[in-house]
Amino acid sequence: MKPTLTLFFIVLFNLSGFSNDGYKLWLQYYSIQAPQEWQVNFLSNYEVIGNSATLSIIKKEIAYASSGMISSHPEIKNSIPSLVIGKAGDLSAKNISNPGINSLASDGFAIFHNLESKQLIVSAKTDIGLLYGTFRLLQHIQTGTSIPKEGIFESPKVQHRVLNHWDNLDRTVERGYAGFSIWNWHRLPRHIDQQYHDYARANASIGINGTVLTNVNANALILTPEYLEKVKALADTFRPYGIKVYLTARFSAPIEIGGLQTADPLNAEVQAWWNQKAEEIYQYIPDFGGFVVKADSEGQPGPHNYKRTQADGANMMARALAPHEGIVMWRAFVYNEHTPDDRHKQAFNEFKPLDGKFLDNVIIQVKNGAIDFQPREPFHPLFGAMPNTPLMMEFQITQEYLGHDTHLAFLAPMFEEVLKDDTYANGKGSEVAKVIDGSLHQYAITAMAGVSNIGTDRNWTGHHFHQANWFAFGRLAWNPYQASQEIAEEWLKLTFSTDATFVKTMTDVMMNSREMVVNYMTPLGLHHIMAASHHYGPGPWVSGGRRADWTATYYHQANEKGIGFNRTYTGSNALSQYASELQNQWGSLATVPEKYLLWFHQVDWIQPLQNGESLWNNLAKQYQKGVEEARANIVTWENMREYVDDKRFNHVLSFLTIQAEEAAWWRDACLLYFGQFSKMPLPAGVESPKHSLEYYMNFKPHHVPGI
Ligand code: BDP
């Protein structure tokens, strides 16, 4: 094709907006309209000092970013580079002084102005630090945010920032809604798909440095040589991006693939098996991160099978990994249907007495709340309760309980809410974020995990806006104190446009979105009232079956008098697991925040809330509010057409439409169901349900993904 013709097609393609399927995530590098001199300057005159696989990635990244962001602008050519990227040692060889570098962590970075040479310097102790610094600078260039005079000096506040893939070896993804697993095990190790590089690059661009490739409901096969070859191929691909690989270890693996009779953690043969297995893994992957373990939970094998403690199990694996500097992320999500106690209390009861009994390379992975990634949960009572054992945060990025892939919910405000909660462990000001970054209890290991929402969909995450949740997780794992609003703004600018109206409007939509979902699904502290098994759609009627703790009626306890789970001292007393300041505040109807009302209290339908109206009226109005918010988002988005390419615009629009319909489905089903007990009419302004309760109860969609 002639060059002019090619150009014509490129222009046509871009104008018609068909080209953007979202694959490029927040690394769009779209053309900057009227760039300022500094933007063009840095992208046209730069030097990257040294050679390594990571430095090659940096060089490629800047060239690529430059071709996108300033392609239509004349380059400014200088004889000396305006931007220099180099490790501390390499810079001093060039007589560039490097203030502040010593205090950085090995993967921290500095971006600063060198006043003598009038250059911008990106510096770090390691190549990976440089990679992070480069990405940060490119993000500044794209968003038009100049580097402050005093520079940027940053180290991650959390050491291990990992995605947890709940991906099965057959490529289905448990609780995954964006297609199949991106790990094509069958083609590995011989075929290294470009997407593996793109995945690692995207993660590096937000500081994620670890990936757990396999489902917590683990398959022991992953630990066999056949699969370790494949894991090695992925680890080799990810290494230059600073990403370590971890695997989930099935507790009964010594029986299943080792031919032993037992998996008892105190049995010498079992211990030797794990030691040997670790040796073997490190031969394939010398920088293997370690194991993530789900034990004694939801049917998974564990130390309980041998009357051993969680510490016995974790320490056995920790001993095997220690010589290789690997760690064990042992999950606290342990509960049992045969334990006659509120599920809320079980992990605390199990782990608190073991504080200080774990080896140094064990970290306990705790979900943000005590039940299970609900749209809203108070923080998990274990945070603040284990000063002598490192605890890490597990967030769920995939939206198992927040409408799957079609419901827009920006999760950063939810993560932020938990991180900012005060545990009062060492008095006022003992926020969860301080537990996670280790500062509250001086933990030697720190980590944060996010259950991935990534799949084979072209845009990776199903909903275009759910890319923002992956992005936000990376940002918060790097700095758990960052404000979610700032993250939303940055993501919008990188992904779509820096237009002020667009950014302001959509930041508001994003910031309100999680609360909106809470409103139309589980207002006022309700929880776990979704449909059984696939968890898609409402199911407040779910009861019976094999486990009470998997039903909805166990959690909402609705009856003719009222609704809610009494977790005060007159009920399950889960509240006693929190600090006395919180017990006082949350334990009284007068002071409990309404967002946690039905989480901790059983409340009469006629009980007046803060606004003087009855609980029933408040509940109904919250549901209605959520529906109205979802509908309003469609109108708001319609007005954003001029800022977004057609392809992504229409995709989002159609998902917003689904969301608004399903918000009404949640409202109608829940109000009809709870109305049987309250026997009160819907207050003015709340729409009458479209169908009968029977209709909703019988509505059973087939083949919902993610199970
Ligand atoms: C629940 C999910 C289940 C997971 C489990 C876990 O429904 O699929 O296996 O958590 O975290 O949220 O282990």
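Whatever order the structure lists ligands and atoms in, that order sets their numbers, starting from 1.
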Counting non-hydrogen protein atoms only, what is the nearest one to [atom]? Give residue, atom name and distance.
{"atom": "atom 5 (C) of ligand 1", "result": "E298 OE1, 3.3 Å"}
{"atom": "atom 13 (O) of ligand 1", "result": "K294 NZ, 2.6 Å"}
{"atom": "atom 10 (O) of ligand 1", "result": "K367 NZ, 3.0 Å"}
{"atom": "atom 8 (O) of ligand 1", "result": "E174 OE2, 2.4 Å"}

* Of Q399, E394, E400, which is the lone residue that meets side chain to side chain donor-acceptor pair (under 3.5 Å) with Q396? ->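 Between Q396 and the candidates, side chain to side chain donor-acceptor pair (under 3.5 Å) is satisfied uniquely by E400.
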* Structure fact -> side chain to side chain donor-acceptor pair (under 3.5 Å) with D296: of Q310, R308, R331, only one passes, and it is Q310
With heavy atoms of [X] as the reference, note each atom of ligand 1 found under 4.0 Å away.
{"X": "F333", "answer": "5 (C), 6 (C), 10 (O), 11 (O), 13 (O)"}
{"X": "R175", "answer": "2 (C), 3 (C), 7 (O), 8 (O)"}
{"X": "V216", "answer": "13 (O)"}
{"X": "D372", "answer": "1 (C), 10 (O), 12 (O)"}
{"X": "E400", "answer": "1 (C), 2 (C), 7 (O), 12 (O)"}
{"X": "H535", "answer": "7 (O)"}

* Whether E377 side chain and I371 backbone form a donor-acceptor pair below 3.5 Å -> yes
* Does T389 reach the main-chain N or O of G356 with its side chain, forming a donor-acceptor pair under 3.5 Å? ->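 Indeed, once roles are kept as given, a pair shorter than 3.5 Å links the two residues.
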* Report yes or no: does R331 have a heavy atom closer than 4.0 Å to ligand 1? =>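 Yes, R331 has a heavy atom closer than 4.0 Å to ligand 1.
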Does the ring centre of [Y] sit less than 6.0 Å away from the ring centre of [X]?
{"X": "W491", "Y": "F410", "answer": "no"}
{"X": "W183", "Y": "Y227", "answer": "no"}
{"X": "F373", "Y": "H535", "answer": "no"}
{"X": "F674", "Y": "H556", "answer": "yes"}
{"X": "H528", "Y": "F565", "answer": "no"}
{"X": "Y536", "Y": "W665", "answer": "yes"}

For ligand 1, which is the ligand I care about here, please tell me if [X] has any N or O atom under 3.5 Å from one of the ligand's N or O atoms.
{"X": "N217", "answer": "yes"}
{"X": "W166", "answer": "no"}
{"X": "Q396", "answer": "no"}

* To do: Select one of side chain, backbone, both or neither to describe which atoms of Y401 lie under 4.0 Å from any atom of ligand 1, heavy atoms only.
  =>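 Contact part for Y401 vs ligand 1: side chain (C-beta onward).
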